Undergrad: 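Below: one structure in structure tokens.
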Amino acid sequence: MSQKLNTPKGTRDYLPLDVRKRNYIFQIISEAFEQFGYQPIETPSFELSSTLMGKYGEEGDRLIFRILNSGEKLKKADISALENDQLAKFAHSLSEKALRYDLTVPFARYVVQHQNDLTFPFKRYQIQPVWRADRPQHGRYQEFYQCDGDVVGSDSLRNEVELMRIIQRVLRRLNLPGFSIKLNNRKVLSGIAQVCGVEHELIALTVALDKLDKIGKEAVIEELSSKGFTPQVLEKINPLFALEGTFEDRINQLRDYLSESPIGLKGLEEISFVFEKLKNEIAENETLELEVTLARGLNYYTGMILEVKASGIEMGSICGGGRYDDLTELFGLKGLSGVGISFGADRIYDILNSLKLFPEHLSEGPELLLLHFSESSADQCDAWAQQLRDLGKSVEVYPSALKLQKQLKYANDRGVQWVAFYGDVEIEQQCVVLKNMHTGEQFTYDVKSWVADWLG
RNA sequence: GAGGUUGUAGCUCAGUUGGUUAGAGCGUCGGAUUGUGGUUCCGAAGGUCGCGGGUUCGAGACCCGUCUUCCUCCCCA
């Protein structure tokens, strides 16, 4: 090896089996979406920078991969901006394209741009990679797949319910040992801020609350306090940590807590609606919880917020989503409400891998490998292979007449289920020998009818 | 973006206070077996010790920089 080889930071190669495993996940997800009438779309890997920048907050902008202008365009670089320390402006002059950061914002652009060609409510799913210039960690990559499903142009809460059912269907079919869905509503968070009299610090409040299950109550209070929240406010927040009981119990406790906040009560009503539709559809190894501290980073959510975690393994959320009333407004189209979810395929992949939940058959090779021992019998093997492929079988012919040991080793390594011998001995005896690679059993068939006899 | 951590054969890892020619297992290849794999036995190939610089008579080991790995924070799928 003359050169140290590596994929770029935060990316990974996929071996054949890895791709099979990934496609298995994609297939289950797309089948579920299709069953609910969602249509597939795709958008380009990169967008105009102006489409993406500023849509994910300050932090988000930093994590967007930018594409350097090429050729003559590089001459447009704004050197004076660099000299004046205006790095953002300078960067913008160097780059007018960027890799997509998620599938939601490009989708919003797509909806606005194609609004006359779409029938609303428009239900789409999209499975494509996204890129983030994040620091890689366990379960975090710079290139990873998202599997998004969204409904735009309908503000019915039934869409929320439908998306929850899709999540259940997907995670059940993947045979996860269990999962928990956490529900909240942005309006409830607004209500909490209202009750506490800190409407203008909603973001700071929710970001801190969101960390509750990670850093604990004391640390959250400490963070809020350090961000300037007064002891009186902290006192008012306190009851939120004491919520307990069933989903309905919590709703009742919150109803009292938010009684002075119309928007908060509205949010509770929405949560309640979704819960009522789903409460009898929760399996034993699943939970549906009301989690008032769930905030999620994306600022565009306005209604329901949800997050899903797999049980029995330490891993970030594997699915998230929510409703956003004014996402397309950013691109000039008002009054179009949307709600969507996003599966993190790479995290699901890692979970299925470590829990050994991928089906065995994914590692199986072709059903049949034809072995020959001379060029003269190879053409006959080719003809049989074509015949079997027409019958829907996956069949390979070993390309050269190498020694048998070598061909069988190849068959073994590839996970081939059957091999067929057609060499001098068989030609002379007018037969074909079939060997089952799992059991080692061998069967001899007449050369004229072996295909039908073997399949029969 | 801040802090820490890791890097030695294709893979997983040894390598003593700095000291001769850097090792093992697995894998690969060849043979035992010219027509029977997944087991066994024998043999072989495979290394700019991440990269660049420095200290030293001498560096895989120590120092600096850089890239990479994994982790914490930030944020998120």
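Throughout, protein chains are lettered first and strands after them, A, B, ... in sequence-line order, and every chain is numbered starting at 1. Remember, it's a predicted structure, so these values are computed and weren't measured experimentally.
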Undergrad: Ignoring the backbone of A:Arg132, work out which of B:rA77, B:rG31, B:rU36 is nearest its side chain.
TA: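 The answer is B:rA77, which lies nearest to the side chain.
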Undergrad: Looking at B:rG31, B:rG37, B:rA77, which one has an atom nearest to any side-chain atom of A:Lys409?
TA: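 Ranking B:rG31, B:rG37, B:rA77 by closest atom to the A:Lys409 side chain puts B:rG37 first.
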Undergrad: I'd like the C1' distance from B:rU33 over to B:rU40, given in whole Å.
TA: 12 Å
Undergrad: Side-chain N or O of A:Gln137 versus OP1/OP2 of B:rU72: is the shortest distance under 4.0 Å?
TA: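 The answer is yes; a side-chain N or O of A:Gln137 sits under 4.0 Å from OP1 or OP2.
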Undergrad: Can you tell me, in whole Å, how much space there is between the P of B:rG47 and that of B:rA22?
TA: 12 Å
Undergrad: Distance criterion of 3.5 Å, no angle test: do you see the side chain of A:Gln442 paired donor-to-acceptor with the base of B:rU36?
TA: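 Between B:rU36 and A:Gln442, which were checked side chain against base, a qualifying N/O pair under 3.5 Å is present.
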Undergrad: When you measure from the side-chain N and O atoms of A:Lys406 to the phosphate of B:rG30, is any distance below 4.0 Å, counting only OP1 and OP2?
TA: yes
Undergrad: Between A:Lys211 and B:rC74, is there a contact of a side-chain N or O with OP1 or OP2 at under 4.0 Å?
TA: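 True: A:Lys211 side-chain N/O within range (under 4.0 Å) of B:rC74 OP1/OP2.
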Undergrad: Taking B:rC64 as the reference, what is the distance to B:rC75 when you measure between their C1' atoms (whole Å, please)?
TA: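 Per the computed distance, 32 Å lies between those C1' atoms.
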Undergrad: Would you call A:Phe421 stacked on B:rG35, i.e. ring centres under 5.5 Å apart with the planes less than 30° off parallel?
TA: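 Not stacked by the 5.5 Å and 30° rule.
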Undergrad: Is it the case that A:Gln386 and A:Arg389 place a side-chain donor and acceptor less than 3.5 Å from each other?
TA: yes
Undergrad: Taking the side chain of A:Val425 as heavy atoms from C-beta outward, which of B:rC75, B:rU33, B:rG35 is closest to it?
TA: B:rG35
Undergrad: With nearest nucleotides of RNA chain B determined for A:Met437 and A:Arg62 from heavy-atom distances, which residue corresponds to the more 5′ nucleotide?
TA: A:Arg62
Undergrad: Any base atoms under 4.0 Å from A:Gly139, or only sugar-phosphate, or nothing? Heavy atoms, all strands.
TA: base
Undergrad: When the C1' atoms of B:rU6 and B:rC41 are considered, how many whole Å apart are they?
TA: 39 Å
Undergrad: Mind calculating the distance between NE2 (A:His372) and C1' (B:rU36) to the nearest angstrom?
TA: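 Atom NE2 in A:His372 sits about 16 Å away from atom C1' in B:rU36.
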Undergrad: Which whole-number value in Å describes the distance from A:Ile351 CD1 to B:rA77 C1'?
TA: 11 Å
Undergrad: Work out how far the C1' atom of B:rC67 is from that of B:rC74, and round it to whole angstrom.
TA: 23 Å
Undergrad: Looking at A:Ser342 and A:Asp148, what are the two nearest heavy atoms and their distance?
TA: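 A:Ser342 and A:Asp148 have their closest heavy atoms at OG-OD1, 2.7 Å.
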Undergrad: Provide the distance between the two P atoms, one in B:rG52 and one in B:rA59, to the nearest whole Å.
TA: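 Those two atoms are separated by 15 Å.
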Undergrad: Can you find a side-chain donor-acceptor pair between A:Asp78 and A:Ser93 that sits under 3.5 Å?
TA: no
Undergrad: Are any of A:His138's side-chain N or O atoms less than 4.0 Å away from OP1 or OP2 of B:rC71?
TA: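 So the side chain of A:His138 is within the cut-off, an N or O lying under 4.0 Å from OP1 or OP2 of B:rC71.
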Undergrad: Do A:Arg135 and B:rC70 have a side chain to base donor-acceptor pair shorter than 3.5 Å?
TA: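 No such pair is found, so the answer is no.
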Undergrad: Can you see whether A:Tyr141 has A:Arg12 sitting over its ring - NZ or CZ less than 6.0 Å from the centre and within 45° of the normal?
TA: yes
Undergrad: Within this structure, what is the OH-to-C1' distance between A:Tyr141 and B:rC76, rounded to whole angstrom?
TA: 14 Å
Undergrad: Quick one: which residue pairs count as a ring pair (Phe, Tyr, Trp, His ring centres under 6.0 Å) with a foot in residues 393-417 of chain A, not counting sequence neighbours?
TA: A:Tyr398-A:Tyr410
Undergrad: Looking across every strand, which nucleic acid part, if any, lies under 4.0 Å from A:Glu143 by heavy atom: base, sugar-phosphate, or nothing?
TA: nothing
Undergrad: Atom CG of A:Asp346 and atom P of B:rA77: how far apart are they, to the nearest Å?
TA: 13 Å
Undergrad: Can you tell me whether the side chain of A:Gln405 and the base of B:rG30 have a donor-acceptor pair closer than 3.5 Å?
TA: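 It does not, because no donor-acceptor pair links the side chain of A:Gln405 to the base of B:rG30 below 3.5 Å.
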Undergrad: Using the rule ring pair (Phe, Tyr, Trp, His ring centres under 6.0 Å), only one of A:Tyr56, A:Phe65, A:Phe144 pairs with A:Tyr101; which is it?
TA: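 Considering A:Tyr56, A:Phe65, A:Phe144, a ring pair (Phe, Tyr, Trp, His ring centres under 6.0 Å) with A:Tyr101 is found only for A:Tyr56.
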Undergrad: May I have the distance from A:Leu404 (atom CG) to B:rU36 (atom C1'), rounded to whole angstrom?
TA: 5 Å
Undergrad: Compute the centroid of each ring, for A:Tyr145 and then for A:Tyr349, and state whether the two points are separated by less than 6.0 Å.
TA: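 No, too far apart.
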Undergrad: Write down the distance separating the C1' atoms in B:rU69 and B:rG30, rounded off to the nearest Å.
TA: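 Comparing C1' positions in B:rU69 and B:rG30 gives a spacing of 36 Å.
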Undergrad: Given the structure, check if the side chain of A:Lys9 and the base of B:rU68 hold any donor-acceptor pair shorter than 3.5 Å.
TA: no
Undergrad: Would you classify A:His438 as touching base, sugar-phosphate or nothing, given that sugar-phosphate means primed atoms plus P, OP1 and OP2, and contacts are heavy atoms under 4.0 Å?
TA: base
Undergrad: Report the distance from atom CG of A:Asn436 to atom C1' of B:rG37, rounded to the nearest whole Å.
TA: 12 Å
Undergrad: Just checking, any donor-acceptor pair under 3.5 angstrom between side chains of A:Gln27 and A:Glu31?
TA: yes
Undergrad: Out of B:rG35, B:rU36, B:rG3, which has the shortest distance to the side chain of A:Lys435?
TA: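 Of B:rG35, B:rU36, B:rG3, B:rU36 is nearest to the side chain of A:Lys435.
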Undergrad: Check whether the side chains of A:Asp150 and A:Tyr324 place a donor and an acceptor atom closer than 3.5 Å, and report yes or no.
TA: yes
Undergrad: So what does the secondary structure string of RNA chain B come out as, 5' to 3', with Watson-Crick or wobble pairs under 3.5 angstrom, [ ] for crossing and | for pairs with another strand?
TA: ((((..(..((((.....[...)))).(((((.......))))).....(((((..]....))))))..))))....
Undergrad: From the list B:rA77, B:rC75, B:rC74, which nucleotide is the closest neighbour of the side chain of A:Phe144?
TA: B:rA77
Undergrad: Rounding to an integer number of angstrom, what distance separates B:rC11 and B:rC62 when you compare their P atoms?
TA: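 So the two P atoms sit 23 Å from each other.
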Undergrad: Under the salt bridge (Lys or Arg N to Asp or Glu O under 4.0 Å) definition, can you give me all pairs with a residue in residues 351-371 of chain A, not counting sequence neighbours?
TA: A:Glu367-A:Lys393
Undergrad: What does A:Gly423 touch in the nucleic acid at a heavy-atom separation under 4.0 angstrom: a base, only the sugar-phosphate, or nothing?
TA: base
Undergrad: Rounded to the Å, how far apart are A:Asp13 CG and B:rG10 C1'?
TA: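 It is 14 Å, rounded to the nearest whole Å.
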Undergrad: Roughly how many Å is it from OH in A:Tyr301 to P in B:rC76, rounded to a whole number?
TA: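 Spelled out: OH on A:Tyr301 to P on B:rC76 is 10 Å.
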Undergrad: Which residue lies toward the 5' end of RNA chain B, A:Gly344 or A:Gly10, if each is placed at its nearest nucleotide?
TA: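 Here A:Gly10 is the residue nearer the 5' end.
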